[in-house]
Amino acid sequence: MADSLNDESGVEDKKKEEMKVGQGLESDEVRRRKVASADSADDEPAAAPVDPAVAQSIGQGTDQSPGILQRLLAPLPPRWQNWVVRGIMSIVMIVIFSVIVYLGPLAMVVLILIIQMMCFYEIINIGYVVYKSQDLPWFRTLSWFFLFTSNYFFFGESMIDQFRILLQRDQFLQPLLTYHRFISFCLYCGGIVGFVVSLVKKHYLQQFTLFGWTHMALLVLVTSSHFMIRNVFNGVIWLLLPSSMIICNDIMAYMFGFFFGKTPLIKLSPKKTWEGFIGGGLSTILFSVLLSHFLIQFDFFVCPLEYDEVSDAVSMNCVRHWIFERSTFHIPVVGKLLFLSSIPWYPFYWHSIIMATFASFVGPFGGFFASGFKRAFKIKDFGDLIPGHGGMTDRFDCQIIMGTFVYVYFQTFIMVTSPHHLLRQVYSLRPDDQLKFYEALTDGLTKRGLLNGTTGI
């Protein structure tokens, strides 16, 4: 009897030990699952907004397409539906961009300003919705007022610097040219006064947060668009070629990633792969040389936009910069082994390759920055304007950093002070000061032996 009781108690003890071990194993398994789920959550794309009202207000357009396309593409898997929609809209955007380039530099300037305003609207709209600011007075009005003020200053500076002689002929514009910076400052001060007057006691933190939000958007968008406009004035090629590089890189990276992508590139954009990143980069470098060779054959693309006093018109005729002149590239020893000692070459090719390298391996980080921004607010797109792509900011995020780079690159390595630019500054002086400048210049050139004091040559 005692033995049977001992056996039963031993069995019960074994069962208790097995239950404890099982609970321990189960808890370990639960912990592993939690860790795994947390890791997978980090690898997944940003989820849609928790609040449906936010998604509806902002608009999420990557997975949207026109009704007729939805019906035509219904038999295809969702992955291929998105591929076809993106492809069609990409072709449409390229065609529209080509038409605008054909219309000339001023049409391109207008396009830049339109895109800037659309991107500004999308970014401000996110702040307006996410921060629940519907009851804040004057937020949108002040945001657009600051955008107008910033554009008035930067665009005015560009136009005055480029076309001062032409603009000075209009008596109505004279005060605007003379006091441009003071007027800009007064407009900005008016915006500050309006913001302070609109402050509401219970919303101080929200209002100052959105004030900073607006100014960060202005810093990124207005400054970069100003640089792009300057690029157009320096020659259409300095906007068309870099923009085409970004477009090519985006398309080829998507194609390589779609068909060959296996290795994730960065957690901020889980769909980006190393295969797409490298394939898109190499394709862009090759594309840049081919497109450069085509563009530099035409003065329309390489000549700066300037006012010509002789013809009394805005002109794109120029003496070409030396980087657009044909030369010969002598190939080292390897070339001689291939019985090819030299090839025709344009120095601009080197600059094109440098810009393409930046567009391929640094430009995409503008997109990654935008992806991090969207993940922070749990949204997938900035808007739904472009089916298959999202909003305007989704499409032009990389163009922002690329346009800024090209402007800095041009100012650092390419730009030379042209006689036309100096003449614009001289002609902006009063007549008496122009004559004094002429006398000082003549005396200086004579002393340096560049002019004969009697003949003037």
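Quick note: residue numbers are just sequence positions, from 1.
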For this session: Calculate, to the nearest 0.5 Å, the distance between atoms CH2 and CZ belonging to W138 and F145 respectively.
Result: 11.5 Å

Exercise. In a check of side chain to side chain contact (heavy atoms under 4.5 Å, CB included) between L239 and each of I229, V101, V232, which one passes?
Worked result: V232

Problem set entry | Minimal non-hydrogen separation, S352 against L241, with atom names | OG-CD2, 4.0 Å

For this session: Identify the heavy atoms of G280 and F256 that sit nearest to each other, and give their distance.
Result: N-CD1, 4.2 Å

Exercise. Which of parallel (below 30°), tilted (30 to 60°) and perpendicular (above 60°) describes F373 and F377?
Worked result: tilted

For this session: Evaluate the ring-ring contact (aromatic ring centres under 6.0 Å, His included) criterion for residues Y188 and F146: first the C-alpha distance (whole Å), next the side-chain angles of each, then the deciding distance (0.1 Å), finally the verdict.
Result: CA-CA 7 Å; Y188 183 76; F146 281 120; 5.4 Å; yes

Problem set entry | Heavy-atom side-chain proximity of T214 to F120 below 4.5 angstrom | yes

Exercise. Say you draw a straight line from CZ of F437 to CG of D432; how long is it, rounded to the nearest 0.5 Å?
Worked result: 15.5 Å

For this session: Determine, step by step, whether F153 and F185 satisfy the ring-ring contact (aromatic ring centres under 6.0 Å, His included) criterion, reporting the C-alpha distance in whole Å, the side-chain angles of both residues, the deciding distance to 0.1 Å, and the verdict.
Result: CA-CA 8 Å; F153 173 73; F185 178 74; over 10 Å; no

For this session: Check step by step if ring-ring contact (aromatic ring centres under 6.0 Å, His included) holds for F294 and F298.
Result: CA-CA 8 Å; F294 171 77; F298 306 94; 5.3 Å; yes

Problem set entry | Side-chain heavy atoms of I126 within contact of I379, under 4.5 Å | yes

Problem set entry | Polar side chain donor-acceptor pair, T273 to T263, under 3.5 angstrom | no

Exercise. Q411 and R230: side-chain contact (heavy atoms from CB on, under 4.5 Å), yes or no, with the steps?
Worked result: CA-CA 10 Å; Q411 296 293 321; R230 298 296 304 178; 5.7 Å; no

Exercise. Given the rule in the side-chain contact (heavy atoms from CB on, under 4.5 Å) test, do W350 and I323 qualify, once you have shown the distances and angles that lead to the verdict?
Worked result: CA-CA 9 Å; W350 295 120; I323 64 173; over 6 Å; no

Problem set entry | Test item: H321 side-chain N/O and I414 main-chain N/O as donor-acceptor pair under 3.5 Å | yes

Exercise. Is a side-chain N or O of W274 found less than 3.5 angstrom from the main chain of K262, in a donor-acceptor match?
Worked result: no

For this session: Identify the heavy atoms of C318 and P304 that sit nearest to each other, and give their distance.
Result: SG-CD, 4.0 Å

Problem set entry | Donor-acceptor pair, side chain of D394 and main chain of G391, under 3.5 angstrom | yes

For this session: Side-chain contact test, heavy atoms from C-beta onward, threshold under 4.5 Å: evaluate it for Y349 versus I296 and give yes or no.
Result: yes

Problem set entry | Working for side-chain contact (heavy atoms from CB on, under 4.5 Å), residues N234 and M415 | CA-CA 9 Å; N234 292 328; M415 189 189 77; 5.9 Å; no

Exercise. Is the closest side-chain heavy-atom distance between M228 and V109 below 4.5 Å?
Worked result: no

Seminar exercise, completed: Separation between CD1 (I124) and OG (S143), nearest 0.5 Å, reads 4.0 Å

Problem set entry | Whether N231 side chain and G403 backbone form a donor-acceptor pair below 3.5 Å | yes

Problem set entry | Any side-chain donor near an acceptor of the partner, Y409 and H351, under 3.5 Å | yes

Problem set entry | Straight-line distance of Y152 OH to L147 CG, nearest 0.5 Å | 15.0 Å

Problem set entry | Where E275 and G261 come nearest, the two heavy atoms and their spacing | OE1-CA, 3.7 Å

For this session: Using the ring-ring contact (aromatic ring centres under 6.0 Å, His included) rule, pick out the option among F227, W238, F163, F410 that qualifies with F233.
Result: F163

Exercise. Sub-3.5 Å donor-acceptor pair from the side chain of Q399 to the main-chain atoms of S243, do we have one?
Worked result: yes

For this session: Could you check whether the rings of F208 and F195 sit parallel, tilted or perpendicular, using 30° and 60° as the cut-offs?
Result: perpendicular

Seminar exercise, completed: Value for CZ (F97) from OG (S244), rounded to nearest 0.5 Å, stands at 5.5 Å

Exercise. Ignoring hydrogens and geometry, is there a side-chain-to-backbone donor-acceptor pair from E122 to M392 under 3.5 Å?
Worked result: yes

Problem set entry | Heavy-atom closest contact (I183 atom, P175 atom, distance) | CD1-O, 4.5 Å

Exercise. Quick check: does any side chain N or O of T223 sit under 3.5 Å from a backbone N or O of V220, one acting as donor and the other as acceptor?
Worked result: no

Problem set entry | Flag side-chain contact, heavy atom, 4.5 Å: N125 against F382 | no

Problem set entry | Exam field: side chain S283 to backbone M252, donor-acceptor pair closer than 3.5 Å | no

Exercise. CE of M216: more than 12 outside heavy atoms within 6.0 angstrom?
Worked result: no

Problem set entry | T442 side, atom OG1; L451 side, atom CG - distance, nearest 0.5 Å | 6.5 Å

Problem set entry | Non-hydrogen side-chain atoms of C303 and N317 separated by less than 4.5 Å | no

For this session: State, yes or no, whether a side-chain contact exists between H180 and I160 at a heavy-atom distance under 4.5 Å.
Result: yes

For this session: Take atom CZ of F259 as the centre, draw a 6.0 Å sphere, and report whether it contains more than 12 heavy atoms from other residues, nucleotides or ligands.
Result: yes

Seminar exercise, completed: Across all chains, not counting sequence neighbours, the salt bridge (Lys or Arg N to Asp or Glu O under 4.0 Å) partners of R326 are none

Exercise. Taking the inter-plane angle between the rings of Y346 and H293 on a 0 to 90° scale, is it parallel (under 30°), tilted (30 to 60°) or perpendicular (over 60°)?
Worked result: perpendicular

For this session: List the steps, then state whether side-chain contact (heavy atoms from CB on, under 4.5 Å) holds for I251 with I94.
Result: CA-CA 11 Å; I251 292 175; I94 291 173; 4.1 Å; yes

Problem set entry | Parallel, tilted or perpendicular: ring planes of F211 versus H215, cut at 30 and 60 degrees | tilted

For this session: Give a yes or no on whether the backbone of T357 and the side-chain of S360 come within a donor-acceptor separation of less than 3.5 Å.
Result: no

For this session: Please report the shortest heavy-atom distance between W345 and P347, naming the atom on each side.
Result: CD1-N, 4.0 Å

Exercise. Ignoring hydrogens and geometry, is there a side-chain-to-backbone donor-acceptor pair from S90 to R86 under 3.5 Å?
Worked result: yes

Exercise. How about R181: does its CZ atom have over 12 heavy atoms from other parts shown lying under 6.0 Å from it?
Worked result: no

Exercise. Is there a side-chain contact between M402 and M355, using heavy atoms and a 4.5 Å cut-off?
Worked result: yes

